[in-house]
Protein chains: 2
Amino acid sequence: MPHDHPDSDCPGCATPDLAFSSHDHAHCATDVLARAEALAAASGARMTPVRKRVLEILLESHKAMGAYDVLQRLAADGFGNQPPVAYRALEFLVEQGFAHRIRRLNAFAACMHPGEAHAPAFLICKSCDAVAEAPAALVRAALDKAAAAIGFVVERSNIEALGLCPSCLESGK
Amino acid sequence: MPHDHPDSDCPGCATPDLAFSSHDHAHCATDVLARAEALAAASGARMTPVRKRVLEILLESHKAMGAYDVLQRLAADGFGNQPPVAYRALEFLVEQGFAHRIRRLNAFAACMHPGEAHAPAFLICKSCDAVAEAPAALVRAALDKAAAAIGFVVERSNIEALGLCPSCLESGK
DNA sequence: TTATGTATGTTATACTATAACCAGTCAACC
DNA sequence: GGTTGACTGGTTATAGTATAACATACATAA
């Protein structure tokens, strides 16, 4: 559900995505986790141990992880080691807006802006594999318009870009 | 390789995509096939029997097909019946710009505008499964801009929308 | 003709995802 | 308390997507 406000109206949309910048990641991750837990509590969604652990795992880096990578980690932590365990937790997180599915990578990444009902564009660095969320309101507006020209009504869409992040550009990778 | 011209400059970009309109599909398909073959001949790319057959199969409808569906058809026609046969032909067609990969569907669709070096947005009708290509120059421009705001340089991107096509909208599906 | 590169066929396997069934937990209600 | 029902997680099994590696055939140019 993309929100239709101009990006400047939304506190989250105005916050630059830190995925590509050096930052205090421990703080970044615990902060996002706390926000997700608060949102879950508020909405009645149950942040169970597996689900929380999966989100923690995704939050360890700004990279996307395959379901089976997540599963390995879960198994090592004493949770079930069969695919549905990981897929169900990931599905829950995506539904709640706590994680995103990156179709180009067949993988999942923690949402760095939980609770902001956004539908970002994903920027995937081909060098360091980090994934950032870019505000996509204007991109989606252009897409809606291009679709409307053909009489097509967009319901959901995925916008994913592969390229080079600022750090890798600078270091010449 | 997206081209950077305004859509109006390109004959193909000005041609409305017929995927969602009723049209003489036999003509539409043979025309696109002929254009692809001419392009291949001109560029030295070899349009071998399997490759041509795969393109014909994709051109039978405006829907995306999974590699295994294509493979079944190939096998029925006396070609090899192992996955690489289909994947290799599909890969060739995608490289030549004669087909597109739709990541959201893990599937492939014939390109209806071969030779026009475009990078379209895909409009996928959730009711009839047809896929159309929408000119995406403005969408990509918006995406490049959103990425640039974070210092990210886009190299390739996929823009795919799920929704309802005009025909299905009208018939209330 | 021989050499070289390209294309196809084949075997095997890796990776991604879901269906279906079962058992435990928890809250609401009688 | 006991029962019901919804939800969660565990497990088995299988479906669906994709590629590595090797063998064979075939075209073209030297």
Side-chain angles (χ1 to χ4, degrees), chain A residues 36-37 40-41 43-58 63-96 98-109 124 129 158 160, chain B residues 36-37 40-41 43-58 63-96 98-109 124 129 158 160:
Chain A
E37 290 201 85
S43 77
R46 293 174 51 191
M47 197 63 146
T48 62
V50 216
R51 293 167 175 178
K52 180 176 172 185
R53 187 74 194 105
V54 170
L55 184 50
E56 286 172 352
I57 291 168
L58 291 181
K63 299 180 183 167
M65 286 183 81
Y68 282 75
D69 294 325
V70 171
L71 181 58
Q72 262 195 292
R73 299 288 308 276
L74 285 179
D77 291 348
F79 293 99
N81 65 340
Q82 297 304 314
V85 174
Y87 278 102
R88 281 193 291 232
L90 289 165
E91 183 188 25
F92 168 86
L93 295 174
V94 169
E95 268 168 11
Q96 298 301 315
F98 301 159
H100 297 292
R101 183 173 202 148
I102 316 290
R103 307 202 97 102
R104 186 164 192 124
L105 303 176
N106 292 323
F108 301 82
I124 308 161
D129 294 326
N158 51 298
E160 303 168 354
Chain B
E37 289 201 87
S43 77
R46 294 172 53 190
M47 197 62 146
T48 62
V50 218
R51 292 167 174 177
K52 180 177 173 184
R53 187 75 194 105
V54 170
L55 183 51
E56 286 172 354
I57 290 168
L58 292 181
K63 299 178 184 166
M65 287 183 78
Y68 281 75
D69 296 325
V70 171
L71 181 58
Q72 262 196 292
R73 299 289 307 277
L74 285 180
D77 290 347
F79 294 99
N81 65 342
Q82 297 305 315
V85 174
Y87 278 103
R88 281 193 290 232
L90 288 165
E91 183 189 23
F92 168 85
L93 295 173
V94 170
E95 267 169 12
Q96 298 300 315
F98 301 159
H100 297 292
R101 183 174 203 148
I102 317 289
R103 306 203 100 99
R104 187 164 191 122
L105 304 175
N106 291 323
F108 301 83
I124 307 161
D129 293 327
N158 51 299
E160 303 169 352

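Chain identifiers are assigned alphabetically (A, B, ...) following the order of the sequence lines, protein sequences preceding nucleic acid strands; residue numbering begins at 1 within each chain.
- For dG9(C), the base has a donor-acceptor partner in the side chain of R88(B) [N/O atoms by modelled type, under 3.5 angstrom].
- Atoms CG (L71(A)) and C1' (dC15(C)) sit 13 Å apart, rounded to a whole Å.
- Looking at Y87(B) and Y68(B), their side chains come closer than 4.5 Å, going by heavy atoms from C-beta outward.
- Smallest separation of non-hydrogen atoms from L58(B) and A109(B): CD1-C, 4.1 Å.
- Contact annotation: R101(B) side-chain N/O to dA18(D) OP1/OP2 distance is under 4.0 Å.
- When side chains are defined from C-beta on, F108(B) counts as touching V94(B), because their heavy atoms get closer than 4.5 Å.
- Which of dT11(C), dC7(D), dT17(D) sits closest to the side chain of Q82(B) comes down to dT11(C).
- D77(B) is not listed as a side-chain neighbour of Q72(B), based on a closest heavy-atom distance of 4.5 Å or more.
- When distances run from any side-chain atom of T48(B) to the nucleotides dT16(C), dA7(C), dG9(D), the shortest one goes to dA7(C).
- Here N106(A) does not reach the OP1 or OP2 of dC15(C): none of its side-chain N or O atoms lies under 4.0 Å away.
- Rounded to a whole Å, the CZ atom of R104(B) is 13 Å from the P atom of dA17(C).
- Within the 4.0 angstrom heavy-atom criterion, base atoms lie near Y68(B).
- Going from atom CD1 of I102(B) over to atom P of dA18(D) covers 12 Å, rounded to whole Å.
- Using a 5.5 Å limit on the distance between ring centres and a 30° limit on the angle between planes, the aromatic ring of Y87(B) does not count as stacked on the six-membered base ring of dT19(D).
- Residue contacts for V50(A): at a heavy-atom cut-off of 4.0 Å it reaches the sugar-phosphate backbone alone, with no base atom in range.
- Distance from the side chain of F79(B) is smallest for dG9(C) among the nucleotides dA18(D), dG10(D), dG9(C).
- Across the interface with DNA chain C, nearest-nucleotide mapping of F108(A) and G78(B) shows G78(B) to be the residue nearer the 5′ end.
- Nearest nucleotide to the N81(B) side chain, out of dT16(C), dT18(C), dT10(C): dT10(C).
- One interatomic measurement links the two molecules: CD of E91(B) to C1' of dT8(C), which rounds to 14 Å at whole-angstrom precision.
- What separates CG of L74(A) from P of dG10(D) is a distance of 9 Å, to the nearest Å.
- At whole-Å resolution of the value, CZ in R51(A) and P in dC7(D) are 11 Å apart.
- If you check dG10(D), dT19(D), dA27(D) against the side chain of R46(B), the one that comes closest is dA27(D).
- For R51(B) and F92(B), the positive end sits near the middle of the six-membered ring, less than 6.0 Å away and at most 45° from its axis.
- As rounded to whole Å, 19 Å separates atom C1' of dA7(C) from atom CZ of R53(B).
- Between L90(B) atom CG and dT17(D) atom C1' the separation is 12 Å, expressed in whole Å.
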